[in-house]
Amino acid sequence: IESGLMTLVVTGDASYFGITDDGGQPVGAGTYGLQLEDVVTVHVMEQDPDFDGANTVSKRVRDLLALPGQDNYDSLASDAELRTRGYNLNGAFRFSINRATQRASLHPTDALLQHCGFRPSRATAEEPFPTTCVTRRDVQGRAFPVQPGSNVATATEVVSAQESDVSGNRAFMQSVLGASNYAAQLGEDFSRAIAARWKLNDRYTRAYWINPGYEWTPTQTGGQ
């Protein structure tokens with residue numbers, strides 16, 4: 001799949017996150033921030049140009065996304081376990097909950113992975129054109145994992161202040177477009193433009209890049 005770039009901006013309300021005392025020091029919610037905990041992306045290529053066709057993987061994925069989620073709270077003691085073990089957001093994704101750390105994690109459901117595994121299926125005589133739908137973790141536990149068989153991450157955070165070191169953004173853009181002075185300069189210029197446009201502050205206004213490209217190579221597909 002050809003590389004591209006997706007920019008995700010997470011913004012909080014300054015009237016909530018910007019609370020300060022009379023001396024201008026952050027207090028209460030003014031000390032809080034936003035975190036991007038998990039991002040799971042689904043990549044679909046179809047032989048059928050009709051993505052809503054009855055037998056297409058994209059239609060199956062959309063149907064899973066349309067399923068209603070579970071209620072994350074039930075006062076009945078018999079269902080109290082739901083608040084601990086997690087719950088389905090819809091038919092494709094679910095939350096697991098760690099009460100000790102007070103953090104939740106996003107996961108694909110088994111139903112989604114049946115159609116869109118973490119690696120594509122091997123072609124066989126019975127199914128020469130298996131599904132080319134792939135599920136991928138781009139952010140996991142606030143970190144940017146390197147995909148199996150690769151040496152680069154598919155996501156990164158855009159630096160905030162205009163004077164910040166943008167070497168990481170330069171390198172990430174090179175991983176998207178290829179190693180060149182042009183790509184490095186584009187990574188620097190674009191990251192500074194985003195920081196200025198959205199007034200990024202590393203706390204409640206943050207931005208991330210996600211490379212939707214997928215390396216369809218033996219190292220990425222488990223030798224398939």
What's the verdict on side chain to side chain donor-acceptor pair (under 3.5 Å) for S160 and D202, showing C-alpha distance, side-chain angles and the deciding distance?
CA-CA 6 Å; S160 59; D202 288 330; 2.7 Å; yes
Is there a side-chain contact (heavy atoms from CB on, under 4.5 Å) between F93 and L65 once you walk through the steps?
CA-CA 8 Å; F93 296 100; L65 290 170; 3.8 Å; yes
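Between V158 and W198, every side-chain heavy-atom pair lies at or beyond the 4.5 Å cut-off. Between V42 and C133 the shortest side-chain heavy-atom distance falls below 4.5 Å. Side-chain contact between V61 and C116 is present, with at least one heavy-atom pair separated by less than 4.5 Å. Under the 4.5 Å side-chain criterion, counting only non-hydrogen atoms from C-beta, L36 is in contact with L8. Here the side chains of L106 and L89 are in contact, with some heavy-atom distance below 4.5 Å.
A distance-only check finds no donor-acceptor pair linking the side chain of D110 to the backbone of L113 [under 3.5 Å]. Between the side chain of T135 and the backbone N or O of F118 there is no donor-acceptor pair closer than 3.5 Å.
A chain of hydrophobic side-chain contacts below 4.5 Å, direct or via other Ile, Leu, Val, Met, Phe, Trp or Tyr residues, connects V44 to L67. One hydrophobic cluster, built from ILVMFWY side chains closer than 4.5 Å, holds both F172 and L177. Both L64 and F95 are members of a single hydrophobic cluster when ILVMFWY side chains are connected at heavy-atom separations under 4.5 Å. A single hydrophobic cluster is not seen to contain both V40 and M6; linkage of ILVMFWY side chains at heavy-atom distances under 4.5 Å, directly or through other members, places them apart.
Here the straight-line distance linking atom CH2 of W209 with atom OG of S175 works out to 9.5 Å at 0.5 Å rounding. Once rounded to the nearest 0.5 Å, the distance linking OG1 of T11 with NZ of K199 reads 12.5 Å. Atom CG of N90 and atom CZ of R62 lie 14.0 Å apart (nearest 0.5 Å).
Among the candidates N169, T7, L200, the single residue satisfying the side-chain contact (heavy atoms from CB on, under 4.5 Å) test with S191 is N169.
With sequence neighbours left out, the side chain to side chain contact (heavy atoms under 4.5 Å, CB included) criterion links A155 to D138, V139, F144, I210. Residues passing the salt bridge (charged side-chain N to carboxylate O under 4.0 Å, His left out) test with R206 are E157, sequence neighbours excluded. Every residue was checked against the ring pair (Phe, Tyr, Trp, His ring centres under 6.0 Å) condition with Y208, not counting sequence neighbours, and none meets it. Listed by chain and residue number, K59 satisfy the salt bridge (charged side-chain N to carboxylate O under 4.0 Å, His left out) test with D63 (two or more places apart in sequence, or in another chain). Scored by the side chain to side chain donor-acceptor pair (under 3.5 Å) test, R137 finds H107 as partners (sequence neighbours excluded). S180 is linked by a side chain to side chain contact (heavy atoms under 4.5 Å, CB included) to Y182, A183, counting only residues two or more places apart in sequence or in another chain. Under the side chain to side chain contact (heavy atoms under 4.5 Å, CB included) criterion, E188 pairs with V166, R170, Q185, R192, not counting sequence neighbours. Every residue two or more places apart in sequence or in another chain that forms a side chain to side chain contact (heavy atoms under 4.5 Å, CB included) with T109 is listed here: N88, R94, A111, L112.
Residue V146 is found outside any hydrophobic cluster, as its side-chain heavy atoms come under 4.5 Å of no other Ile, Leu, Val, Met, Phe, Trp or Tyr.
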Donor-acceptor pairs are to be reported for all side-chain atoms of residues 14-23 against protein atoms at under 3.5 Å, with residues two or more places apart or in another chain.
| from | atom 1 | to | atom 2 | distance (Å) |
| --- | --- | --- | --- | --- |
| S15 | OG | D13 | OD1 | 2.7 |
| S15 | OG | D13 | OD2 | 3.3 |
| D21 | OD1 | G23 | N | 2.9 |
| D21 | OD1 | G24 | N | 2.9 |
| D21 | OD1 | Q25 | N | 2.8 |

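The salt bridge (Lys or Arg N to Asp or Glu O under 4.0 Å) pairs that include a residue from residues 33-42 are E37-R103, E37-R142, where partners are two or more places apart or lie in different chains.
Minimum interatomic distance between G30 and P26 (heavy atoms only, all atoms of both residues): O-CB, 3.3 Å. What you find for Q140 and P145 is that their closest heavy atoms are N-CD, 3.9 Å.
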